[in-house]
**Student:** 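Can you read through this structure? Questions will come right after.
All residue numbers refer to positions in the sequence shown, counting from 1.
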Amino acid sequence: MISGAIRGATAPVENTRQSIATAAVELVSQICLRNQLQSADIVYIMFSATQDLDAAYPAEAVRAVGFQQVPMFCVQEMHVVNSLAACLRVLVVTNKPGEYRPQHVYLGAAQGLRPDLVEE
């Protein structure tokens, strides 16, 4: 049973293996914390990165911190002129039971992507 999808993004991210890993782990950790999720509550995670972030796969770092059983997929974000650069986005699909209102997480400059979803 899929009960919700949680969106998130962070920017700017430096195009280094360590920076991409740190950003991905921070983003997924914040989503789990704010939504009271355990890895067992997650159906899958999809990452996208702008074309300027090509030094590492974000899923690799998230798997390394305890999400080995969660299916993950990484794609390149569609390039749009004047869009936010150095941006890592995520979609976490959950099977959390009961009434559930997802808390989306936008960090840094990515807060401007969806101000309607950023909670104060």
**Student:** Starting at CD1 of I45, measure out to CZ of R63 and round the result to the nearest 0.5 Å.
**Tutor:**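 I45 CD1 to R63 CZ: 9.0 Å, rounded to 0.5 Å.
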**Student:** Any chance you could measure D41, atom CG, to Q36, atom CD, to the nearest 0.5 Å?
**Tutor:** 10.0 Å
**Student:** Counting neighbours of CG on N82 that are heavy atoms of other residues, nucleotides or ligands and sit closer than 6.0 Å, is the number greater than 12?
**Tutor:** no
**Student:** List the atom of Y106, the atom of R114, and the distance in Å for their closest heavy-atom pair.
**Tutor:** OH-CG, 3.7 Å
**Student:** Shared ILVMFWY cluster between L33 and F67, side chains joined below 4.5 angstrom?
**Tutor:**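 No, separate clusters.
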**Student:** Starting from the C-alpha separation in whole Å, work towards a yes-or-no answer on side chain to side chain donor-acceptor pair (under 3.5 Å) for Q18 and T22.
**Tutor:** CA-CA 6 Å; Q18 183 60 48; T22 299; 3.0 Å; yes
**Student:** Any side-chain heavy-atom pair from I31 and V90 closer than 4.5 angstrom?
**Tutor:**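 The answer is yes; the side chains approach within 4.5 Å.
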**Student:** Determine, stepwise, if the pair T94 / L37 fulfils side-chain contact (heavy atoms from CB on, under 4.5 Å).
**Tutor:** CA-CA 8 Å; T94 72; L37 294 175; 3.8 Å; yes
**Student:** Of all the heavy-atom pairs spanning Y44 and V70, show the shortest one and how long it is.
**Tutor:** CA-CG1, 4.2 Å
**Student:** Heavy atoms only: give me the nearest I6-P102 pair and the separation to one decimal.
**Tutor:**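 The answer is CG1-CB, 3.7 Å.
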**Student:** Do any N or O atoms from the side chain of N35 and from the backbone of C32 form a donor-acceptor pair under 3.5 angstrom?
**Tutor:**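 Answer holds: no.
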**Student:** Are any of the side-chain heavy atoms of L27 and V105 separated by less than 4.5 Å?
**Tutor:**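 Yes; the side chains approach each other to less than 4.5 Å.
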**Student:** Will you find, in the side chains of E77 and S48, an N or O donor that is under 3.5 Å from an N or O acceptor?
**Tutor:**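 A donor-acceptor contact under 3.5 Å links the two side chains.
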**Student:** Does the S19 side chain pair with the main chain of T16, one donor and one acceptor, at a distance under 3.5 Å?
**Tutor:**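 Not a single qualifying donor-acceptor pair exists.
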**Student:** Do you know the tightest heavy-atom contact between V13 and A23?
**Tutor:** CG2-CB, 3.8 Å
**Student:** Hey, does F47 have a side-chain heavy atom less than 4.5 Å from the side chain of V75?
**Tutor:**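 Result no, sub-4.5 Å side-chain heavy-atom pair not found.
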**Student:** Looking at I20 and L88, what are the two nearest heavy atoms and their distance?
**Tutor:** O-CD2, 4.3 Å
**Student:** With rounding to the nearest 0.5 angstrom, report the CD to CE distance, E60 to M72.
**Tutor:**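 Here the interatomic distance stands at 11.0 Å.
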**Student:** Looking only at heavy atoms, which two atoms of Q103 and R34 are closest? And how far apart?
**Tutor:** CG-O, 3.7 Å
**Student:** How about Q68: does its CD atom have over 12 heavy atoms from other parts shown lying under 6.0 Å from it?
**Tutor:**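 Yes, the 6.0 Å shell around CD holds more than 12 heavy atoms from other groups.
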**Student:** Side chains of residues 51-59: which donor-acceptor partners sit under 3.5 Å, not counting sequence neighbours?
**Tutor:**
from : atom 1 : to  : atom 2 : distance (Å)
Q51  : NE2    : H79 : ND1    : 3.4
D52  : OD1    : T50 : OG1    : 2.4
D52  : OD1    : A86 : N      : 3.3
D52  : OD2    : A86 : N      : 2.9
D54  : OD1    : N15 : ND2    : 2.9

**Student:** Main chain of R7, side chain of H104: is a donor-acceptor contact present, judged purely on distance under 3.5 Å?
**Tutor:**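 Judged by distance alone, yes, a pair lies under 3.5 Å.
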